[in-house]
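Notes follow the structure.
None of these values were measured; they are calculated from a predicted model.
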Amino acid sequence: MLTTIQALIIIAILAAGTAITRFLPFVFFPNALSAPRYVHYLGKMLPTAAISMLVVYCLRYIELTAAPHGLPEIIAIIAVAALHIWRKNTLLSIAAGTAIYMLLVQFVF
Amino acid sequence: MLKNLPSAMKAAFPHTIPVLTGFAFLGAAYGILMSARGYGVLWILLTSSVVFAGALQFIGISLLTSVFDPLHAFLIAISVNARHLFYGISMLEKYGGTGKVKPYLIFGMCDETFSILCTAEPPPEVDKRAFMLSVTLLNQSYWILGGVAGGLIGPLLRFDTYGIDFVMTAFFVVIFLNQWRAQKNHSPALIGLGAATVSLLIFGADNFIIPAMILIIACLTIFRKKLEKGAED
């Protein structure tokens, strides 16, 4: 257990480290318009690539080689995608997908 | 600007409902764990206000309950949150010209806020700046309130919420699909999926983000000519 002062220092460091990752691009390129063309290009492409990366990030602890082989996640994601393509209703897709996932991990697998 | 805030909040709120659900439960889980380790409501309020990074805050619990090692804590904070660098580069233009609220928009740019602001456009009568501020503020307030609630009432919870954290996965899948539909050129999405999956298989769950980011930048750089052509079509 840390002392109160030590805990406060750790929290300050976690806050500073996080802030650095968020502020760094803006410190390097304070004026978006004068940033190099290459950075503009990355700024256009990265949102899509980053969100794809986030989907994988959410699924990083799935173990395909051990039961249940990621089946609850795979089934629930197929449900979310199918529902979303069919009804195009963001909240419905998320709510139904989560409910299906909870039923699967609590009662089926 | 503050005059527009109520209408911007109204426009922003529906976009944040999935985050409200996710953060209420994830925040509560965080609050429960913190208070179980001897860090009560005031500590939860502090970390969720000044750190505001879900994954790191969970890891932070173990940093707060083991030996005092500031350098280790710093390196973990940087590497766990390195993905924010991508968000910053993506938001350089959108956050440009936001004036006084810019530092808070950058400070509060979590995965969820970034995803919403990437894809959602406010209705024409709502000020863009107030809309972005609203999404950021709402999401952080959900996270703080969830954490505090968890710290207070955690031990009394009886509803089996196992699996509810999938709400965040479903949220990102939906954002992914919305983006996919809005774009003709799917290469950046496929590069992101491919690079992240390959890195995950090679480096494992706890170390794959930074290699994935490097691989994404490499692919985007190598295929720049093709991709810029594709973006114009």
Looking at G17(A), P25(A), A79(A), A50(A), which has the largest count of heavy-atom pairs under 4.5 Å with chain B? P25(A)
Measuring only between side-chain heavy atoms, which start at C-beta, is D206(B) closer than 4.5 Å to Y61(A)? yes
To the nearest 0.5 angstrom, please state how far the OG atom of S66(B) sits from the CG atom of L2(A). 6.5 Å
Measuring heavy-atom distances to chain B, does A19(A) have an atom under 4.5 Å in its side chain, in its backbone, in both, or in neither? neither
Under 6.0 Å from the CZ atom of R87(A), do we count more than 12 heavy atoms belonging to anything else shown? no
Which atom pair, heavy atoms only, marks the closest approach of T21(A) to I78(B)? CG2-O, 3.8 Å
Of all the heavy-atom pairs spanning L177(B) and A81(A), show the shortest one and how long it is. CD1-CA, 3.6 Å
What part of Y38(A) gets closer than 4.5 Å to chain B, counting heavy atoms only: side chain, backbone, both or neither? both
Does either side chain, that of E73(A) or that of T169(B), offer a donor lying less than 3.5 Å from an acceptor on the other one? no
Between F68(B) and I9(A), is there a side-chain heavy-atom distance shorter than 4.5 Å? yes
Counting only N and O atoms by type, is there a donor-acceptor contact under 3.5 Å from the side chain of S52(A) to the main-chain atoms of A189(B)? yes
What residue in I59(B), V173(B), V67(B) has the most heavy-atom pairs under 4.5 Å with chain A? V173(B)
When heavy-atom pairs shorter than 4.5 Å are enumerated against chain A, which of L56(B), V51(B), I106(B), L193(B) gives the highest number? I106(B)
Considering all heavy atoms, the nearest I10(A)-A73(B) contact: CD1-CB, 4.0 Å
Can any side-chain N or O of Y87(B) pair as donor or acceptor with the backbone N or O of P47(A) at less than 3.5 Å? no
Counting heavy-atom pairs under 4.5 Å with chain A, which one of V50(B), V167(B), L46(B), I76(B) comes out on top? V167(B)
Worked verdict on V55(A) versus F171(B) for side chain to side chain contact (heavy atoms under 4.5 Å, CB included): CA-CA 9 Å; V55(A) 172; F171(B) 172 78; over 6 Å; no
Heavy-atom pair of closest approach, residues A212(B) and M53(A): CB-SD, 4.3 Å
Region of L14(A) that comes under 4.5 Å of a non-hydrogen atom in chain B: both
Less than 4.5 Å to any heavy atom of chain A: does that hold for the side chain of L64(B), its backbone, both, or neither? both
Of the listed residues (V174(B), I17(B), L71(B)), which shares the most heavy-atom pairs with chain A below a 4.5 Å separation? V174(B)
Do H84(A) and N178(B) make a side-chain contact, defined as non-hydrogen atoms from C-beta onward lying under 4.5 Å apart? yes
Return the CG to CG distance between L85(B) and L24(A), rounded to the nearest 0.5 Å. 6.0 Å
Hits for ring pair (Phe, Tyr, Trp, His ring centres under 6.0 Å) against H186(B), two or more places apart or cross-chain, chain-then-number order -> W180(B)
Does a sphere of radius 6.0 Å around CG in L201(B) hold more than 12 heavy atoms from other residues, nucleotides or ligands, not counting ones at 6.0 Å or beyond? yes
Quick check on F52(B) against chain A: is it the side chain, the backbone, both or neither that has a heavy atom closer than 4.5 Å? both
At under 4.5 Å between heavy atoms, what parts of residues 90-101 of chain A are in contact with chain B? List them by residue number. T90(A), L91(A), S93(A), I94(A), G97(A), T98(A), Y101(A)
Using non-hydrogen atoms only, which part of I216(B) is less than 4.5 Å away from chain A: side chain, backbone, both, or neither? side chain
Check whether NZ of the Lys or CZ of the Arg R224(B) lies under 6.0 Å from the centre of the six-membered ring of Y41(A) and within 45 degrees of that ring's axis. yes
Any chance CZ of F109(A) has more than 12 other-residue heavy atoms, nucleotides or ligands included, within less than 6.0 Å? yes
Heavy-atom pairs under 4.5 Å with chain B are the metric here; pick the option from A12(A), A35(A), A7(A) that has the most. A7(A)
Give, for atom CZ of F172(B) and atom OH of Y57(A), the distance between the pair rounded to the nearest 0.5 Å. 9.5 Å
Nearest heavy-atom pair of M45(A) and L227(B): which atoms, and what distance? CE-O, 3.8 Å
Is there a side chain to side chain contact (heavy atoms under 4.5 Å, CB included) between N31(A) and L92(B) once you walk through the steps? CA-CA 8 Å; N31(A) 183 355; L92(B) 284 174; over 6 Å; no
Rounded to the nearest 0.5 Å, the CD1 atom of I51(A) sits from the SG atom of C118(B) at a distance of 4.5 Å
Heavy-atom pairs under 4.5 Å with chain A, option from A195(B), G194(B), P103(B) with the top count: P103(B)
Between P72(A) and chain B, with a heavy-atom cut-off of 4.5 Å, which part of the residue counts as in contact: side chain, backbone, both or neither? neither
Non-hydrogen atoms of chain A under 4.5 Å away: do they reach the side chain of Q183(B), the backbone, both or neither? side chain
Less than 4.5 Å apart, any side-chain heavy atom of W43(B) and any of L8(A)? yes
Counting distance only, does the side-chain N/O of R22(A) pair as donor-acceptor with the main-chain N or O of G88(B) below 3.5 Å? no
Tell me, yes or no, whether the heavy-atom count around R181(B) atom CZ, taken from other residues, nucleotides or ligands under 6.0 Å, exceeds 12. yes
I need the F26(A) CZ to K102(B) NZ distance, nearest 0.5 Å. 6.5 Å
Go through D111(B), V80(B), L75(B) and name the one with the most non-hydrogen pairs under 4.5 angstrom from chain A. D111(B)
Do V56(A) and F208(B) have side chains that approach each other closer than 4.5 Å (heavy atoms only, starting at C-beta)? yes
Do the side chains of E93(B) and K44(A) get close enough for a salt bridge, i.e. N-O under 4.0 angstrom? no
Atom CG in L190(B), atom OG1 in T48(A): separation rounded to 0.5 Å? 10.5 Å
For I62(A), which atoms come within 4.5 Å of any heavy atom of chain B: side chain, backbone, both, or neither? neither
